[in-house]
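Data block below; observations after.
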Amino acid sequence: MDTKPTPHAPQQNQTGVVAKSVTSISEIGETVWQASLGHTLSRGREDLTSAHATPGNPFISYAFLDALETSGCVGPGGTGWLSQHLKLEDQTGSVMACAPCYVKLHSRGEYVFDHAWAEACQRSGKSYYPKLQVAVPFTPVPGARLLVHPDHDVANTQALLASALVTLCDRIDASSAHVTFVEKATWNHLGELGFLKRVDQQFHWHNQDYQSFDDFLNRLSSRKRKTIKKERRQARGSGLTFVTLSGPDICEAHWDAFFEFYLDTGARKWGDPYLNRAFFAAIGETLSAECVLMLALDGDTAVAGALHLVGEDCLFGRYWGCTRYHPFLHFELCYYQAMDYAIAHGLARVEAGAQGEHKLLRGYMPTPTYSAHWIADPDLRTAVARYLDSERRDVLRSVDLLAGFGPYKADPSSKA
């Protein structure tokens with residue numbers, strides 16, 4: 001069942017700070033939202049203006065989140081993601097902080113899985129939904145979640161924002177609040193404030209000041225180096241050509257082709273793709289400079305594509321698809337060409353999304369990701385806390401273990 005989100009009356013605490021929730025990011029506005037990130041976004045690349053600004057991450061930008069709302073990917077109508085963004089205002093009415101917050105009626109599109117928690121809650125005769133999700137919908141990208149304006153102290157203001165989340169849960173009868181894929185420093189702070197701490201892992205590639213892809217290959221063991229060279233030869237040996245497009249070079253025909261690829265992948269993986277064509281049209285307009293579209297062409301016809309978004313120091317791989325199978329084409333477009341791009345543009349890393357131990361042998365190393373959870377019911381909170389204590393140890397052991405199976409030579413100067 002879908003419900004319509006509603007704004008809630010302002011709640012003032014003893015400091016005179018007022019917490020408000022709104023049902024559209026447009027009610028906060030681009031200027032205010034981006035100022036809370038510590039940087040501003042026009043229609044191009046983000047420009048860092050503050051010492052404690054978050055490195056440019058297009059997924060937490062006003063443009064990206066607004067595109068989800070205006071396209072109908074989130075909001076009323078059966079999406080199960082209802083915008084309920086939080087903001088804090090000081091005594092003068094100036095916004096101190098914001099959080100991208102959603103009332104959730106299910107646990108889909110989050111990539112931090114709590115289905116077992118929901119089942120346990122329901123077996124006890126209680127309701128797990130609605131819940132609050134502080135996240136970027138459908139996108140397992142780490143980054144800022146509790147956004148503090150640079151004029152205010154980060155720790156104190158985030159504590160007020162965390163308190164406002166708990167108060168909002170009580171006001172709308174939500175079972176819990178979940179701050180997912182959050183920065184480690186905020187994760188630790190939320191733990192100090194009583195949130196439960198969870199760890200998972202992704203696989204990220206780090207640019208060690210490589211001047212070329214061959215520089216990267218030279219860091220690998222001989223067998224792994226030969227494997228990657230073979231995969232690239234096979235991907236490129238089928239008569240395909242590859243193009244990388246960004247900004248105004250991406251036209252509507254390119255978006256049409258890519259959306260067909262995206263639908264094909266979505267239909268095979270989860271049956272009902274989360275994003276629609278209007279969303280890609282919106283980010284193609286408002287995040288044009290951040291979009292990097294890599295296409296495989298058979299003659300003049302695009303047969304596969306991967307969409308990346310570029311941030312201040314990172315290339316974020318997001319969506320991929322194809323209409324024709326070619327060996328290793330997925331690895332070429334999503335991993336190797338992304339690495340080529342990062343090297344050419346001096347980016348520090350490539351984040352290639354959730355899951356995928358197969359990325360390890362291609363140079364993408366295990367990296368912890370973090371989420372924090374507040375649960376109202378004391379019995380469920382105790383059970384989840386016990387589980388997370390064990391899960392954290394297991395995940396961090398897995399990160400260390402998998403790192404030992406990476407493709408890199410132990411000694412970079414080795415000739416092996």
Side-chain angles (χ1 to χ4, degrees), residues 59 111 139-142 201-238 240-246 258 261-262 264-265 268-269 290-297 302-311 313-367 369 399 402-403 405-409:
F59 296 93
Y111 300 92
T139 308
V141 60
Q201 68 176 351
Q202 293 182 352
F203 293 84
H204 299 169
W205 180 81
H206 295 274
N207 184 359
Q208 303 298 323
D209 294 323
Y210 301 125
Q211 299 303 302
S212 67
F213 195 85
D214 282 341
D215 279 354
F216 158 68
L217 290 177
N218 288 336
R219 287 287 311 278
L220 308 185
S221 66
S222 176
R223 185 167 61 88
K224 302 300 193 304
R225 185 165 60 242
K226 290 176 181 177
T227 297
I228 290 176
K229 286 182 175 180
K230 179 181 177 181
E231 290 178 353
R232 298 205 80 175
R233 281 197 305 270
Q234 289 192 244
R236 293 167 173 269
S238 51
L240 300 179
T241 57
F242 298 88
V243 296
T244 297
L245 306 170
S246 62
F258 175 75
F261 305 146
Y262 169 77
D264 179 75
T265 297
R268 286 186 287 106
K269 281 192 173 181
E290 281 75 23
C291 291
V292 178
L293 181 60
M294 298 176 181
L295 297 174
L297 305 178
V303 297
L307 178 63
H308 311 259
L309 271 70
V310 63
D313 63 353
C314 180
L315 186 67
F316 301 91
R318 285 300 104 189
Y319 315 110
W320 134 271
C322 64
T323 54
R324 196 179 307 169
Y325 171 78
H326 291 273
F328 302 112
L329 185 55
H330 173 256
F331 296 161
E332 176 66 24
L333 279 177
C334 295
Y335 307 147
Y336 302 141
Q337 295 230 353
M339 294 151 73
D340 279 336
Y341 186 95
I343 292 168
H345 292 82
L347 300 175
R349 67 190 188 282
V350 178
E351 295 185 10
Q355 304 171 346
E357 284 80 1
H358 62 280
K359 299 170 187 172
L360 180 65
L361 298 182
R362 290 153 186 94
Y364 289 72
M365 300 301 289
T367 303
T369 60
V399 169
L402 287 171
F405 289 94
Y408 297 94
K409 293 181 286 192

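Bear in mind the structure is a predicted one, so any value in this text is a computation, not a measurement. Positions are given from 1 along the sequence.
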Worked verdict on R349 versus E351 for salt bridge (charged side-chain N to carboxylate O under 4.0 Å, His left out): CA-CA 7 Å; R349 67 190 188 282; E351 295 185 10; 2.9 Å; yes

Residues which pass ring-ring contact (aromatic ring centres under 6.0 Å, His included) with F242, listed by chain and number, not counting sequence neighbours: none

Test item: L347 and N207 side chains (from C-beta on) under 4.5 Å apart, heavy atoms: no

Contacts of type salt bridge (charged side-chain N to carboxylate O under 4.0 Å, His left out), residue R362, not counting sequence neighbours: E231

Student check: side-chain heavy atoms of T244 and Q337 closer than 4.5 Å: yes

Results of ring-ring contact (aromatic ring centres under 6.0 Å, His included) for H330 - residues two or more places apart only: W320, Y335

Which residues share a ring-ring contact (aromatic ring centres under 6.0 Å, His included) with F216, sequence neighbours left out: W205, Y210, F213

Pairwise distance CZ(F405) to CG(L360) - rounded to 0.5 angstrom: 9.0 Å

Salt bridge D214-R219, side-chain N to carboxylate O under 4.0 Å: no

Backbone of N218 reached by a side-chain donor or acceptor of K409 within 3.5 Å: yes

Validation row: L297, V303 side chains within 4.5 angstrom (heavy atoms): no

Point-to-point distance, once rounded to the nearest 0.5 Å, from CG of L309 to CG of L307: 5.5 Å

Closest heavy-atom pair and its distance - M365, A403: CE-O, 3.6 Å

Interatomic distance, M339 atom CE to C334 atom SG [nearest 0.5 angstrom]: 12.5 Å

Side-chain heavy atoms of T323 within contact of F261, under 4.5 Å: yes

Heavy-atom check, side chain of L240 versus side chain of H326, under 4.5 Å: yes

4.5 Å side-chain heavy-atom contact, T369 and Q201: no

Pairing residues for R236 by the salt bridge (charged side-chain N to carboxylate O under 4.0 Å, His left out) criterion, not counting sequence neighbours: E332

Residues forming a ring-ring contact (aromatic ring centres under 6.0 Å, His included) with F203, sequence neighbours excluded: none

Atom pair CZ/OG of R225 and S221 - distance to nearest 0.5 Å: 7.5 Å

Approximate separation, where rounding is to 0.5 Å, of L333 CG and L295 CG: 8.0 Å

Residues Q208, H206; criterion side chain to side chain donor-acceptor pair (under 3.5 Å); working and verdict: CA-CA 6 Å; Q208 303 298 323; H206 295 274; 5.5 Å; no

R324/D264 under salt bridge (charged side-chain N to carboxylate O under 4.0 Å, His left out): CA gap, chis, key distance, verdict: CA-CA 10 Å; R324 196 179 307 169; D264 179 75; over 6 Å; no

Atom of P140, atom of Q202 and distance for their closest heavy-atom approach: O-NE2, 2.6 Å

Side-chain heavy atoms of H358 within contact of F331, under 4.5 Å: yes

Smallest separation among heavy atoms of L329 and A296, with atom names: CD1-CB, 3.9 Å

Any side-chain heavy-atom pair of Q211 and I343 under 4.5 Å: no

Between SG on residue C291 and NE2 on residue H308, distance to nearest 0.5 Å: 11.5 Å

Axial cation check for F59 ring with R318, 6.0 Å and 45° limits: yes

Donor-acceptor contact below 3.5 Å, side chain Y364 vs main chain A352: no

